[in-house]
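Every chain is numbered from 1 and lettered A, B, ... according to where its sequence line falls, protein lines coming before strand lines. Here the structure is a predicted model, which is why all the values come from computation and not from measurement.
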Amino acid sequence: MDVTAILDPLNDAQRDAVTVPAAPCLVLAGAGSGKTRVLVHRISWLLSVEGVTPYGVLAVTFTNKAAHEMRSRIEQMLERPLGGMWVGTFHGLAHRLLRAHWQEAGLPQTFQILDADDQFRFIKRLMRGMEIDEARWPPRQVQWFINHYKDEGVRSAHLERTGDHYQDRMIDIYEAYEQACNRAGLVDFAELLLRALELVRDNESVQQHYHQRFSHVLVDEFQDTNAIQYAWIRLLAGESGNVFVVGDDDQSIYGWRGARIENIQRFSKDYSAARTIRLEQNYRSTGTILTAANALIAHNTGRLGKDLWTAGDEGELIRMYAAYNEQDEASFVLERIREWVEQGNLRAETAILYRSNAQSRVFEEKLMGMGMPYRVYGGLRFFERAEIKDALAYLRLIQNHQDDAAFERIVNVPARGIGDRSLTVIRSLARERSLSMWDACLVALDEKPLAARALNALSAFQSLIRSIAQQIEGLPLYEQVEHMLDGSGLLELHRRDKSEKAESRLENLQELISAARAYEPGEDEVEMSPLDAFLAHAALEAGENQADEWEDCVQLMTMHSAKGLEFPLVFMCGLEEGLFPHQRSIEDQDRLEEERRLCYVGMTRAMQQLYMTYAESRRLHGTEKLSFASRFIKELPLEQIDEVRPVGLTQRNASLSSPAWQDDEPAGFSLGDRVMHGKFGEGVVMNYEGQGSHARVQVHFEYEGSKWLVLAYANLERL
DNA sequence: CGCAGCACCTTTTTT
DNA sequence: AGGTGCTGCG
C-alpha cells in the first residue's frame, strides 16, 4: 500500500492524527472536519505502515450505519477484505463477546435480546404480577430507572434500600426484573454492555485474551459514550493501551440518554500521556455559516474550545424569516425549495430540520398538496412493526421456550382462547415457583387449577410451538420463517382482516421472508444457529428508517437525526422559545447548553445556504400559542444575518430599523437571571420584549409557573 | 372475547 | 389535535 495515498488527501492536523505514534490520543473533530476520514486513514496507516494486523484492531461506533461505512471505506482503501478486524457498534461487539463466552457470562446459549419496546412490555407484565400500582410507579419510569443504573454499571444488589418507599420499591422491581430476565434468558440493550463489561472484568482468562489481542482500540463519537461504554473501552484497551478516540464536545446532544460529555475531559486525566489533536478546518459549510455557528456555541461554558474555519468562500448570509404562524412558515420554506428545484437543483439536497417530530405535520400536508416528493426520517423501522415483532416472538419462543417476553406477546395471537383469566393464573404460578411461563403451563396442566377448556387451549398452544419447532429444524432460514408464519396462523390472521392496514401487514410478513432469505450471518455469527443470528440481527439492527427507493426527495427530520449528515440547503424551523430551546430544557443550565449544541449541530449541517425560521404564533397540542424568537437567534451575530421580511409586515415587532427578534435587554435584566418577586417568589428570567416603560420580562417562578411582568410595575429584585 | 368510548399525555433516539 | 392504552359493556 502506497503511503502517499493515505497521507496526501489530508491536512496537517488530520495527518498528525493519522500518524500519531502508538499511544492514547484524543482527536477533537469539529463538524465537517473529516472525522470519519481520519479514522479510516488511521486504521489504514496502522495496517499498512505500522504493520498492525487486522486481528489486533478494535473499532467502535454507535450506529450500525457508521460501522458499515467505516469498514467498507477501509476495505476500499486497502483493496482487500479485512477479516479478523472487529468493527462494530458497542452493542454489536458486546453481543459478540457474550455469544463467544456465554458460559462464562452465565447465559444460556440461546439467549435473546430485548429491544426497548420488548423491555417495556416485559417490565409492565412483571409489575402486574407483583401487583404494583402503576400510577405510583409508572412503567416508563421503572424502565428508565433500571436502564439508568445499568448504564452506570449498578445492579440491584448494589443499591441500598433506604426506607424511602418509592425508591425501595423501584429496587424491588429492578431485582425482580433481573431475575425474570435471567430465568427467561433475556438480555436488554443496557444488559448487553454491562454483562460484557463484567465478563471481561471478572474473568481473568477472557481479559488476558482480549488485552493481548487488541493492540489498538479506536472509538468514534466519543462524546456520546456513557459511563459503562467508557469503562468498557478502558478495560479492553488496558490502562496504557493505544486508545484513539474521536469526538466533539460541541456536538454532544445525547446527555438525556446517558451520554457523558465529561468523558472527553476525563480521558485526558485518565490517560495522562494522551495527545490532543484538534481538527478545526471545515470542508462543508461557508464562512458565514461557520462564523455564526462559532458565535452561537461560544455561549456555552466549559468547552474544550474550538473554532471552525474554512478555506472556502464566505457565501451567502443566513436568512431569517419571522413567520406569522406555522402555516406561513411552511409555505415560506416550501416556496424556497420550489425555487431551488426550479433552478435545476435536487430536492434531496434540501433538508427541513425541526426540534420535535410533531412539527413535520404541517410540512407534510403542504408537500403532499403540492405534489412534491419528500421523506420523513424517524418513526417505526422494519423490525419494530407490530406484525414483525409478533413473528419474531414466535421464532424466539420456538428457539427458547423459557422466553417469557415472547410467550406473553403471542400466546393469544391469533386469539386461541387463552384469555386474561388463564394468564393471570399462569403468571402467579410462575411467580410463586420461580418458573417460566412455559414451565408454569406444564405445572398447570398437571395440577389443573383452571377449567378444562382453558387447559386444553394452553396444551394446544404448547403442542403448536413444539410441532413448529420440530418441523422447521434443519430447514434453510427463510423456510423456517415461512413455516412459522403459516403454522402459527399469523398469515391467516391478517389475511382474514380485510382492512387496508392488514394488507400492508401481509406485505411486511412477506418481506420478512425475503429478509430471512437475503440474510447472511456476519463473520462473528457463524457459530450461532442461523435463526439465533437472524433474531439478534433483527434486535440489534432494526432496519432502515424507511424503505427508500432512491427517489429525489425533500428530507424532513429532527435536528437530532440530522447529526452526521449534510445538505446544500438547510431550513431550521420553529426557532421559538419553549420549542427550541424546548420548554423542558429552559431552566436547567446543562440542558439548555445541550439545546444550544443541538442548534449548533443543525446549523453546521448546511453547506451553502441556511434559512432559520420562527413563527410568532403556533398551533400546538390543539391550542394556539403566541411565541417569541428563540434566544439562539439573538445569540447570532447580526452581520451574518439577512432578515427576510414578509410582504405585509408581521403583526408584532414591525419596526424596520432593528431585526424583528431583537429587543433590547431591559435595563438590569438578562436571560437566565434569578429574580425575586414580592408575591410570586423566586424565578428565572426567560424572555423579554418591548422597551422603556413598556418593557416586559417573562419570568418562570418556582411555584407559580411562567408569567409576563411589566418591569415598570413588577418591582423585581435581581438575586 | 372483542369492541367502543374515554382519559391521558405530549422532546430528542440508538442499540 | 391526535394517538395510545385502559375500562366497561355487550
Residue pair A/Tyr377, A/His560: steps toward the ring-ring contact (aromatic ring centres under 6.0 Å, His included) verdict: CA-CA 11 Å; A/Tyr377 282 65; A/His560 280 92; over 10 Å; no
Is_stacked (A/His582, B/dT11) at 5.5 Å, 30 deg: yes
Any residue meeting salt bridge (charged side-chain N to carboxylate O under 4.0 Å, His left out) with A/Glu503, in chain and number order, not counting sequence neighbours: none
Partner set under side chain to side chain contact (heavy atoms under 4.5 Å, CB included) for A/Ala351, not counting sequence neighbours: A/Leu353, A/Gln555, A/Phe567
Short side-chain N/O contact to B/dT15 OP1/OP2 from A/Arg257, under 4.0 Å: no
Check: A/Leu455 main-chain N/O paired with A/Ser459 side-chain donor or acceptor under 3.5 Å: no
Separation of B/dT11 P from A/Leu575 CG (nearest whole Å): 18 Å
Nearest-nucleotide pick for A/Arg584, side chain only, options being B/dT14, B/dT10, B/dT12: B/dT10
Derivation and outcome, salt bridge (charged side-chain N to carboxylate O under 4.0 Å, His left out), residues A/Glu326 and A/Arg619: CA-CA 7 Å; A/Glu326 78 281 355; A/Arg619 208 178 170 79; over 6 Å; no
With A/Glu69 via salt bridge (charged side-chain N to carboxylate O under 4.0 Å, His left out) - residues at least two apart: A/Arg73
B/S/- contact track for nucleotides 1-10 of chain C, protein heavy atom under 4.0 Å: BS---S----
Parallel, tilted or perpendicular: ring planes of A/Trp86 versus A/Tyr210, cut at 30 and 60 degrees: tilted
A/Leu540 side chain, from C-beta outward: closest of B/dT12, B/dT15, B/dT11: B/dT15
Which nucleotide in B/dC1, B/dT11, B/dT12 has an atom nearest any side-chain atom of A/Asn357: B/dT12
B/dT12 pyrimidine/purine six-ring stacking with A/Tyr254, under 5.5 Å and 30°: no
Whole-Å gap separating P (B/dT15) and CG (A/Asn147): 15 Å
All N/O pairs under 3.5 Å across the protein-nucleotides 4-6 of chain B interface:
none

CA sep, side-chain torsions, deciding dist, call: A/Glu492, A/Arg495, salt bridge (charged side-chain N to carboxylate O under 4.0 Å, His left out): CA-CA 5 Å; A/Glu492 189 52 32; A/Arg495 255 192 223 123; 3.6 Å; yes
From B/dT12, B/dT13, B/dT15, nucleotide with atom closest to A/Ser561 side chain: B/dT13
Residues that A/Asp220 engages under salt bridge (charged side-chain N to carboxylate O under 4.0 Å, His left out), provided they are two or more places apart: A/Lys35
Any A/Asn412 side-chain nitrogen or oxygen under 4.0 Å from OP1 or OP2 of B/dC1: yes
